[in-house]
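Computed from a predicted structure; not experimentally measured.
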Amino acid sequence: MRKAALSLAALALLAAALPLAGPAAAASAVYQAEDAALTQASVATNHTGYTGSGFVDYVNTTGSAVQWSVTATAAGPATLTFRYANGTTVNRPMDVAVNGTTVAAGKAFGGTGSWDTWTDATVSVTLNAGTNTVRATATTANGGPNVDKLTVSTQDSGGTGPAVPFGGHQFPYAAGTLRPSGTQATIDQQVVNYYNRWKAAFVKQNCGNGWYEVISPDADHPYVAEAQGYGMVIVATMAGADANAKTVFDGMVKYMLAHPSVNNANLLAAEQDTSCTSVDGSDSATDGDLDVALGLLLADRQWGSAGTYNYKDLAVKHINAIKASEVNPTTHLMRLGDWSTSGDSLYYVTRSSDWLVDHFRAFRKATGDTAWDTIRTAHQNLITSQQSTYAPSTGLLADFVVNTNTTPKPAPGEVLEDANDGKYWWNACRDPWRIGADAVTSGDSASLASARKINTWIKSKTGGDPDAIGTGYSLGGSQIDSGSEPAFFAPFAVAATTDTGSQAWLDALWTKMLNTSFTSNDYYSTSIQLQVMIVVSGNYWLP
């Protein structure tokens, strides 16, 4: 995707963030902490703002605990919300266990500013039908925070509530992964605020038919497959923070189904005009299809597949179509789209921003098809070899790699978009995010090494100053253009999370993201930054 226009003008109409919405269609039950079974803890009333008849004050020792007995009318996903206060500046982590099994080890309960200031910490779990035990046990000598109550939210009989609500942090990252400094609740809310602004600017119903589509005013066409894929992954992930997420997602599915590729009806046509009519051959774009497939898998996990759309069936069909029409059967590398076939001049060209290793893992799990192991390995090997051969000092990848059937190398010049096709430009700028996302979710040594190589270089190149990140680089590290674009600086934050020595650098990148405004013409950079924020905040997960 080549971005057509750059803009960092101040956001006007969209500056006010919408409030955080609760999970859709959920039933909740409240269990006061003072009524629970206490271990090395006691009921207290010496701080204000609690509900019920008091709160629980943990003894300052490892192993102090509160255990509730909670009831679920049916087995299934639930959200545990702990209302707590921590008047110190030190995190007081606890292990959260359900029915004797730890479901959130070392769950963070960060400082809230004072003992009279209460906030929520959430954990997504699965409950049995009937009675369940929920236990929160302090894991450090500081003990736990003060706990006011536990709220248990379950899906209603319609099953419309999300199984993995945003902010639940149900899927832990690899050990040692960094997050921005500050309380988890604050970080999560910052992501929600940015999401609401993004959604207001770019999620539209401009063409009727019950469709929701993501508009891309700075792309080659008003609607592109890449944008629809981004939208489906984002909205499914933000379920629980957006009460309308399922409605929006279903509208996106309806749009996707109405715009099939002419070459493979189970893929999405790459481009639509202002009337949402497919144009330019109605063939596919690989990047959009990869995210559409992942979005459908996320939706199946969130809401099940018994509703209007069978998300799982659609996802498997999409995944199989990607394998059949967008994977080169000789090299096992992603092609540019289903229009590139044997004999085409671009048949042995691949785009580095399509090397979505974490997606390939999800596709393998969803289909049971071992071909995705081969595909994943081929891409990881290519990433490693391209870094070591063509960018040993930077780790940067080119937008496009040619000659994949013989000796893969960066494009020597323009092969698809412009003279910078062989450099770290408007496609490859996404690579630190994509490689880093696999590194933190899988802990894979190859992905960790690749992400850390990029992080080490950019941190040194800029002296730890995100304002010094340029717009594009040669693979040797020479800056192509001036200016500051989220599409270029934000993805480095995901790579930073993989390096335990990069906390200050990560915090600086996070602050820059929060302080960078956008306009309704900045679809590309804004969509990338939002997804980076989801990963960096610890809210990204794979079905």
Can you run down the salt bridge (Lys or Arg N to Asp or Glu O under 4.0 Å) pairs that involve [range], sequence neighbours left out, and say none if there aren't any?
{"range": "residues 248-258", "result": "Lys246-Asp250"}
{"range": "residues 307-316", "result": "Asp313-Lys317"}
{"range": "residues 491-504", "result": "Lys459-Asp499"}

With side chain to side chain donor-acceptor pair (under 3.5 Å) as the rule and sequence neighbours excluded, what pairs involving residues 390-410 come up?
Asp399-Asn427

Which pairs with one or both residues in residues 361-374 pass side chain to side chain donor-acceptor pair (under 3.5 Å), sequence neighbours excluded?
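Side chain to side chain donor-acceptor pair (under 3.5 Å) check on residues 361-374 returns Lys323-Asp369, Arg361-Asp438, Arg361-Asp444, Arg364-Asp373.
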
Who are the side chain to side chain donor-acceptor pair (under 3.5 Å) partners of [X], not counting sequence neighbours?
{"X": "His318", "value": "Asp289"}
{"X": "Asp421", "value": "none"}
{"X": "Trp541", "value": "none"}

Can you name the side-chain contact (heavy atoms from CB on, under 4.5 Å) partners of Gln503, sequence neighbours left out?
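If we apply the side-chain contact (heavy atoms from CB on, under 4.5 Å) test to Gln503, skipping adjacent residues, the hits are Leu178, Ser181, Leu506, Asp507.
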
Only pairs at least two apart or in different chains count here, so list each ring pair (Phe, Tyr, Trp, His ring centres under 6.0 Å) that has a residue in residues 443-477.
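Matches after skipping sequence neighbours: Trp457-Tyr473.
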
Using a 3.5 Å cut-off and no angle test, enumerate the donor-acceptor pairs between side-chain atoms of residues 336-344 and protein atoms at least two apart in sequence or in another chain.
from: Asp338; atom 1: OD1; to: Asn263; atom 2: ND2; distance (Å): 3.1
from: Asp338; atom 1: OD1; to: Ser284; atom 2: N; distance (Å): 2.9
from: Asp338; atom 1: OD1; to: Ser284; atom 2: OG; distance (Å): 3.2
from: Asp338; atom 1: OD2; to: Ser261; atom 2: OG; distance (Å): 2.5
from: Asp338; atom 1: OD2; to: Ser284; atom 2: OG; distance (Å): 3.4
from: Trp339; atom 1: NE1; to: Ser284; atom 2: O; distance (Å): 3.3
from: Ser340; atom 1: OG; to: Leu346; atom 2: O; distance (Å): 3.4
from: Asp344; atom 1: OD1; to: Leu346; atom 2: N; distance (Å): 2.7

Enumerate the disulfide bond (SG atoms under 2.5 Å apart) contacts for residues 199-280, please, sequence neighbours excluded, ordered by first and then second residue.
Cys207-Cys276

